[in-house]
Amino acid sequence: MVYYLMVSLLFLVNCCICAVVPILSNGVDEVLNVGNNLLGGGGLADAHRTPCQLIESRNFICEEHFVTTPDGYVLAIQHVINPVYTSNKTTIKTIVLTHGLFGSATHWLINSEGGFATDWTGTVVDVNLDIEGRNAPYLLSNKGYDVWIPNLRGCRYSRNHTHLNPNIDDEFWRFSFEQMITYDAPTIIDYVLKQTNNDQLGWIGHSMGTTIIFGLLVEQPEYSKKINPFIALAPVAYVGHITTPIRPIAHIPGLKEALTVGGGEINLPKPLIDLAASEFCTRPLVDQTCASIFYLIGGYDPEQFNITRISVYVDGGFCGTSSWTLNHYAYNYVNDQFARYNFGPIGNLEKYGSIDPPKYNLSAINLGNIVLITSDFDPLSDPTDLMTLKKSLKVPFIEYSVPYPKFSHLDFLWAKNVYSQVYEPMVRFLKQFD
Ligand SMILES: *[C@@H]1O[C@H](CO)[C@@H](O)[C@H](O)[C@H]1NC(C)=O
Ligand SMILES: *[C@@H]1O[C@H](CO)[C@@H](O)[C@H](O)[C@H]1NC(C)=O
Ligand SMILES: *[C@@H]1O[C@H](CO)[C@@H](O)[C@H](O)[C@H]1NC(C)=O
Ligand SMILES: *[C@@H]1O[C@H](CO)[C@@H](O)[C@H](O)[C@H]1NC(C)=O
């Protein structure tokens, strides 16, 4: 079962209907051709590139790894290799960069055109990092780190399983971020440690890429020994106070049941993505309406959003997930808690021996090197929820709040000022733990 539901609906309303004016004025033939007239050149060549194609387009070497979780999901991990370091230098430290909800490795790789493989380790770097340093993986690799970028289960690059077919078997989609906590995160960590022959790695997560580490550190505290540091960009554990406009969806009667039965995929139809990633969304008027899909999900910050690159963000910015993942966040939102998956009273009794799903006890986390990079304006990582998270943590942690007052959820990936606001301090914190 595929749910094109919500996101699709919002997208249609915001992008396509508003596009009717230009469609009518430009003639139907042109519109029909638009889907095939994909942008290939200029600064927008990043649209339609896979993670490895993106990495290679910046002259890095991309090594693709596939790792199988204990429950059979086959996850792709892209390893960024800087040719400068393979021959002459050793890298400083291994870093895993993990995307959030509706994301993939691509999320980190498309913010700006630049970031070519080179060496930015010197004290005097002859490059404008405010412009060239906007893509975290290229920045970190050029700064001497060994960068690995996993794709969590369900997204198009990790849409595979040892014996379930995601196109046919509903069972494939019966997962939420709980299974990413229990299986994906530890599998990725152990695999990368083994490949690199290390005892520890740095984990940098965005949004759900932080949820799964908070959960893991509670569930399997032995992973504290393997993570140093954990840098949480736009941390998400409690979600009771999110203010994004998609919030009311959690209250739609019957939606929970619809999302829970069988489990299904949430995705955008491919033709719609192709259309959006074509020249279509770059037209004046239409570009703003195409961008509204991101504003709806991630909050509004038109000033730092490069509308010229809208086709790249639409194409690379949306990867499918399971309806259960959304449902899990919706339950935690409605109940203002960070709990395990809710199967309803009977299902919960069977699975957990209690009517309600057990909560993740964040006070049990014993990792001492956590850095929270936050923004007061982030609608999905709200200050009230952050306060609950911070109060729950009994270990010391560093918090860095970005100075730019309107910094929003997706700005951690795609803002024009992301280097000065987030990545520059992030590199400083990394050094602190080297
Ligand atoms: C916005 O994106 C376009 C296309 O990639 C690029 O040419 C331009 O320099 C970017 N603008 C800013 C302010 O970064
Ligand atoms: C390796 O170092 C040598 C000598 O310092 C230099 O000529 C060469 O360009 C370096 N190779 C790379 C790939 O940076
Ligand atoms: C999916 O995973 C299986 C098992 O690891 C593998 O044999 C197969 O080649 C993979 N398929 C794709 C399309 O990657
Ligand atoms: C949570 O963990 C802390 C620290 O281990 C412990 O003191 C506390 O009792 C736990 N709370 C619950 C509800 O289990």
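The structure displayed is predicted, hence computed values, not measured ones. For ligands, and for the atoms within them, numbers begin at 1 and follow the listed sequence.
- Annotation for ligand 1: atoms under 4.0 Å from non-hydrogen atoms of R309 are 2 (O), 4 (C), 5 (O).
- With a heavy-atom cut-off of 4.0 Å, Q304 does not touch ligand 1 at all.
- Each of the atoms 3 (C), 4 (C), 5 (O), 6 (C), 7 (O) of ligand 1 lies under 4.0 Å from some heavy atom of E113.
- Comment: R174 does not engage D169 in a salt bridge, judged by the lack of any side-chain N to carboxylate O separation of less than 4.0 angstrom.
- Seen from the ring of Y352, R340 does not count as a face-on cation partner, given the 6.0 Å and 45° thresholds.
- Listed by chain and number, residues touching ligand 3 at under 4.0 Å (heavy atoms only) are V74, N160.
- With salt bridges taken as basic N to acidic carboxylate O contacts below 4.0 Å, none links D301 and K406.
- Near K416, meaning under 4.0 Å from one of its heavy atoms, ligand 1 places the atoms 13 (C).
- Checked for salt-bridge contact, D199 and K225 miss the test: no charged N lies under 4.0 Å from a carboxylate O.
- The one candidate from T118, N82, D46, N135 that meets the side chain to side chain donor-acceptor pair (under 3.5 Å) condition with R58 is D46.
- With salt bridges taken as basic N to acidic carboxylate O contacts below 4.0 Å, one links R159 and E265.
- Ring geometry, F318 versus F102: the interplanar angle falls under 30°, so the pair is classed parallel (tilted spans 30 to 60°).
- Geometrically, ligand 4 and S363 share no nitrogen or oxygen pair separated by less than 3.5 Å.
- Between D130 and K416 there is no salt bridge, since none of the side-chain N atoms of the basic residue sits less than 4.0 Å from a carboxylate O of the acidic one.
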